[in-house]
K.L.:
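Before I ask anything, here is the structure I am working with.
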Amino acid sequence: MNSSFKTIGLIGKPNHQGANHTLVSLYHFLRKYPIRILLEEQVAATLDLPDVDVVDLVDLGKQADLAIVVGGDGNMLGAARVLARFGVAVLGVNRGNLGFLTDLSPESFQQPLAQVLAGQFVTEKRNLLEIEVLRHQTIKSSNCAVNEAVLHADKVAHMIEFEAYINGEFVFSQRSDGLIFSTPTGSTAYSLSGGGPILTPDLDAMSMVPMFPHTLSSRPLVVSGTSEILLKVAPRNDAHLQVSCDSHVILAVMPGDDIVIRKHPKPLILVHPPGYSYFHVLRNKLGWGAKLY
C-alpha cells in the first residue's frame with residue numbers, strides 16, 4: 001500500500017497507559033505501508049518497538065512529513081509550537097478530554113487514517129501568536145502560542161495596570177486581572193471561559209479579552225491578524241507579572257516592560273480526515289442543539 005506521506009512521526013503523552021496502547025496500535029498499523037516511522041524520544045523510553053528511529057521533537061520536525069500526536073489538546077499544543085516552524089502536517093488522536101484539535105478516536109482510527117494516507121484529507125492552516133517581552137527596548141524573552149497568550153499577575157485576584165496600542169495607535173488603558181490574546185484556534189479555550197467570542201479558524205484575526213476589568217465598559221475586541229499589539233506595563237505595578245503561552249510556557253514580566261504580540265510568520269498545518277466540519281466539532285464539544293427539522 002502506498003502513502004501520501006513518506007516519513008511519519010509518532011508523538012504521545014509520556015507514561016500514559018492509554019496513549020501508549022494507541023501508539024503501539026498506530027505503529028503496527030503504519031508498518032503495513034512503505035513508511036519510515038519516527039518515534040519521539042520521551043515516549044520511546046516507555047515503549048519497546050522494533051525498527052523505529054528514535055528522535056527528539058526538533059529532529060522529528062525536520063524529518064517528518066506528518067506528525068501524529070496521541071493525547072489531549074495540551075499534548076497537541078506542546079508539539080504544535082515546535083512543529084509549526086518546520087511546516088510539518090499534524091494529525092491528532094484524542095486521548096484527552098474535549099479534544100478540539102484531535103480528530104481521530106483511539107478505538108476507530110484505522111479507516112480514517114487509511115483515507116488520510118491514501119491522500120483523502122482536508123488541510124487547514126491555523127495562525128499562531130508570536131510574543132516578545134522587551135525591557136529598555138531589548139528583547140528579554142519570547143515564545144509562540146497556538147491558543148492564547150495571557151498577561152496576568154502571579155497572585156490570585158490581583159489587579160494590574162497597562163496600556164494597549166494597536167499598530168502604534170493608543171487604544172485603552174486598563175486596570176484588570178489581565179488580558180487574554182487569543183487566536184481563532186484558542187477562541188474555544190481560555191478565551192471562551194472569559195466571555196470572549198468564538199472565531200472560526202478561517203479568520204485572519206485575534207481577540208483581546210479583558211480578565212475581570214475594573215470598569216463595565218471594557219469588552220472583548222477582535223482585531224486583524226496582521227495587527228501588531230503593544231502592551232505597556234505600568235511601572236507602578238507591585239506584583240510579579242508574567243505572560244503565559246498556552247498555559248505551558250511562562251515569560252517573566254517586570255513593571256515597566258513592553259509586550260509585543262503579533263501573528264507568527266508560520267502557521268500550524270492541521271490534517272483532518274474526509275468529512276471534517278468545524279461546526280460539527282462545536283456542536284459535539286459544546287453541546288449545541290441538533291437540527292429541529
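Position 1 is the first residue of the sequence, and the numbers go up from there.
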K.L.:
Do you know the tightest heavy-atom contact between L286 and L192?
P.N.:
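Nearest pair, atom of L286 first, then L192: CD2-CD2, 4.2 Å.
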
K.L.:
Rounded to the nearest 0.5 Å, how far does CG of D257 lie from CG of L251?
P.N.:
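If we round to the nearest 0.5 Å, L251:CG and D257:CG are 11.0 Å apart.
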
K.L.:
Quick check: does any side chain N or O of S176 sit under 3.5 Å from a backbone N or O of P213, one acting as donor and the other as acceptor?
P.N.:
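No, the answer is negative, given that no donor and acceptor are paired below the 3.5 Å cut-off.
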
K.L.:
Can you check whether Y276 reaches E124 side chain to side chain, under 4.5 Å on heavy atoms?
P.N.:
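In contact.
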
K.L.:
What's the spacing between D48 CG and N20 CG if we round to 0.5 Å?
P.N.:
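The distance works out to 12.0 Å.
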
K.L.:
In the structure I gave you, are the side-chain heavy atoms of I139 and V133 within less than 4.5 Å of one another anywhere?
P.N.:
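Heavy-atom side-chain distance check fails, nothing below 4.5 Å.
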
K.L.:
Looking at D59 and D56, would you say the former's side chain and the latter's main chain have a donor-acceptor pair under 3.5 Å?
P.N.:
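A pair under 3.5 Å: no.
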
K.L.:
Is it the case that S244 and H152 place a side-chain donor and acceptor less than 3.5 Å from each other?
P.N.:
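Distance-only check passes for S244 and H152.
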
K.L.:
With a 4.0 Å cut-off on N to O distance, would you call R135 and D258 a salt bridge?
P.N.:
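A salt bridge is absent here (no side-chain N lies under 4.0 Å from a carboxylate O).
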
K.L.:
Roughly how far, to the nearest 0.5 Å, is the OG1 atom of T7 from the CG atom of L66?
P.N.:
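L66 atom CG to T7 atom OG1 measures 10.0 Å (nearest 0.5 Å).
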
K.L.:
Does H158, at its NE2 atom, have more than 12 non-hydrogen atoms belonging to other residues, nucleotides or ligands within less than 6.0 Å?
P.N.:
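More than 12 heavy atoms, drawn from other residues, nucleotides or ligands, come within 6.0 Å of this atom.
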
K.L.:
So does L134 get a backbone contact from the side chain of T138, meaning a donor-acceptor N/O pair under 3.5 Å?
P.N.:
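Checked: no pair found.
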
K.L.:
I'd like to know if the side chain of S4 reaches the main chain of G119, judged simply by a donor and an acceptor atom lying under 3.5 Å from each other, with no hydrogens or angles considered.
P.N.:
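Yes, because the side chain of S4 sits within donor-acceptor range (under 3.5 Å) of the backbone of G119.
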
K.L.:
Give the minimum heavy-atom separation between V122 and P273, together with the two atoms involved.
P.N.:
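Scanning both residues completely, I find the closest heavy atoms to be CG2-O, 4.1 Å.
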
K.L.:
Assign the ring pair Y33 / F29 to parallel, tilted or perpendicular, where the plane angle (0 to 90°) is split at 30° and 60°.
P.N.:
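Tilted, since the angle between the ring planes falls between 30° and 60°.
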
K.L.:
Are more than 12 heavy atoms from other residues, nucleotides or ligands located less than 6.0 Å from atom NZ of K125?
P.N.:
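No.
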
K.L.:
Looking at Y165 versus F172, is the centre-to-centre ring distance below 6.0 Å?
P.N.:
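Ring centres of F172 and Y165 not closer than 6.0 Å.
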
K.L.:
Donor-acceptor pair, distance only, cut-off 3.5 Å: does the side chain of S218 make one with the backbone of H214?
P.N.:
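No, the answer is negative, given that no donor and acceptor are paired below the 3.5 Å cut-off.
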
K.L.:
Can you confirm whether F121 sits close enough to P112 that some side-chain heavy atom of one is under 4.5 Å from a side-chain heavy atom of the other?
P.N.:
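No. Closest side-chain heavy atoms not under 4.5 Å.
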
K.L.:
Under the 3.5 angstrom rule, does the side chain of H280 hit a backbone N or O of Y278 as a donor-acceptor pair?
P.N.:
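Between the backbone of Y278 and the side chain of H280 there is no qualifying donor-acceptor contact (under 3.5 Å).
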
K.L.:
Apply side-chain hydrogen bond (donor to acceptor under 3.5 Å, both in side chains) to the pair R126 and T183, showing each step before the final yes or no.
P.N.:
CA-CA 8 Å; R126 300 285 186 97; T183 64; over 6 Å; no

K.L.:
Between the side chains of H16 and N75, is a donor N or O closer than 3.5 angstrom to an acceptor N or O?
P.N.:
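On atom types as modelled, these side chains do not qualify, holding no pair under 3.5 Å.
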
K.L.:
Could you state the interatomic distance from CD1 (I8) to CG (D65), rounded to the nearest 0.5 Å?
P.N.:
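Rounded to the nearest 0.5 Å, the CD1-CG separation comes out at 8.0 Å.
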
K.L.:
Could you tell me whether the side chain of S182 reaches within less than 4.5 Å of the side chain of S207, counting heavy atoms only?
P.N.:
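Answer yes - side chains close enough.
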
K.L.:
With a 4.5 Å limit on heavy-atom distance, are the side chains of L230 and I261 in contact?
P.N.:
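No; the side chains remain at least 4.5 Å from each other.
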
K.L.:
If only atom types and distance count, is the side chain of D246 paired as donor or acceptor with the main-chain N or O of H248 below 3.5 Å?
P.N.:
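Such a contact is absent between D246 side chain and H248 backbone.
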
K.L.:
Tell me, do V281 and F100 make a side-chain contact under 4.5 Å, heavy atoms counted?
P.N.:
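A side-chain contact exists here, since the closest heavy-atom pair is under 4.5 Å.
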
K.L.:
Surrounding CD of Q111 (heavy atoms of other residues, nucleotides or ligands, distance under 6.0 Å), is the total greater than 12?
P.N.:
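Check fails, neighbour count at 12 or below.
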
K.L.:
Between CD of E41 and CG of D53, what distance do you get to the nearest 0.5 Å?
P.N.:
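Here the interatomic distance stands at 13.0 Å.
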
K.L.:
Are the side chains of I229 and M208 in touch, meaning some heavy atoms are under 4.5 Å apart?
P.N.:
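Answer yes - side chains close enough.
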
K.L.:
Taking the side chain as every heavy atom from C-beta outward, state whether L113 and I68 have any atom pair closer than 4.5 Å.
P.N.:
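When only atoms from C-beta onward are counted, I68 and L113 do touch, with a gap below 4.5 Å.
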
K.L.:
Consider only side-chain N and O atoms of S227 and R262, and report whether a donor and an acceptor are under 3.5 Å apart.
P.N.:
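Side chains of S227 and R262: no pair found under 3.5 Å.
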
K.L.:
Taking atom types as modelled, is there a side-chain donor on D154 or H240 under 3.5 Å from an acceptor on the other?
P.N.:
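Side chains of D154 and H240: no pair found under 3.5 Å.
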
